Amino acid sequence: MAMIIDGKAIAEQIRDEVQRDVAALQASKGITPGLSLLLVGDDPASQVYVRNKAKMCEQVGIRSEIVRRPATTSEAEVLEQVRAWNADPTVHGILVQLPLPKHINEHRVIEAIAPSKDVDGFHPENAGRLMIGLPGFVPCTPAGIIELIARTGVDTNGAHAVVVGRSNIVGKPIANLLAQKRPHGNATVTMCHTGTRDLASFTRQADILIAAVGVAHIITGDHVRDGVVVIDVGMNRIMLPDGTTKLTGDVDFASVEPKARAITPVPRGVGPMTIAMLLKNTVLGASGELYS
Ligand code: GUN
């Protein structure tokens, strides 16, 4: 029987800590952390995410502001909004919800965000800092995975971590974090992706398996060995025979869980951690300590 890693409970614990940090920052420096969110277009999933992010800010005492713009908004208008927030000292974190409409160049928008306010950790400066081990904003989902690993006592030191997925948001940063020579790192990391031949031959070697592919149930019991720790980053909406939909992971929980030492469920695993780490990053930005 695997230990089920309770991401919901750990995220609540982090939010409590953030709430205390917000109060301490107000008491010591008179600063109220502020997060500004930009949502362009009407993607239903993005609307839910942005609303939840703002709601969680309110819960811990972070001031938040959502600016909603139609899908027809030009790139220049988006850049103008970002620059206005860059110049506003009451804004400590800037989040432009992705994906953006096709006519807007995502890279140009991300690069326009001041690195010191880039709480998503997507700016090339923060990506570069992560790569060479300098302080900087770490993307929220990989940062949340490290917290899950740390707070459940999983030993990464010398372990073989196999990452399936190479996205800029999850795969690349988590592979970097796990390889770093520091606590909750120092793992031997293998990165697999859609070009990998014989995926199972790699995943079967994993002490720690991170599935961040975006394909429902691609990892089955045949892909893992006994005693593996499994972190499932998948958030796939699948249709059930009765016509309803449900959220499910990249891991086939039913066949993997019996072999695993520990495993994250979907939902209530990695998902809740992402927003908790966004709040943590926003307070870090407001503290001014990251780039001092
Ligand atoms: N879209 C999906 N995940 C994310 C995220 O972590 N940040 C932003 N800005 N957009 C997203």
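Keep in mind it's a predicted model, so treat the numbers as computed, not measured. One-based numbering, in listed order, for ligands and for the atoms of each.
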T245-R237 side chain donor-acceptor pair, cut-off 3.5 Å: yes
Closest non-hydrogen atom pair between A54 and L37, with its separation: CB-CD1, 4.3 Å
Check: T282 side chain, G93 main-chain N or O, donor-acceptor pair, under 3.5 Å: no
Sub-3.5 Å N/O-N/O distance, L98 and ligand 1: yes
Under-4.0 Å heavy-atom contact with ligand 1, by part of V96 that carries it: backbone
Closest candidate by heavy atom, reference atom 8 (C) of ligand 1, pool D120, L38, L100: D120
Atom 1 (N) of ligand 1 touched by protein heavy atom at under 4.0 Å: yes
Those atoms of ligand 1 less than 4.0 Å from some heavy atom in L95: 9 (N)
Atom 4 (C) of ligand 1 - nearest protein heavy atom and its distance: Q97 NE2, 4.2 Å
Heavy-atom closest contact (K117 atom, D88 atom, distance): NZ-O, 2.8 Å
Distance-only polar pair, side chains of T220 and D222, donor-acceptor under 3.5 Å: no
Y49 and ligand 1 - part of the residue with a heavy-atom distance under 4.0 Å: neither
Smallest separation among heavy atoms of M191 and H193, with atom names: O-CD2, 4.2 Å
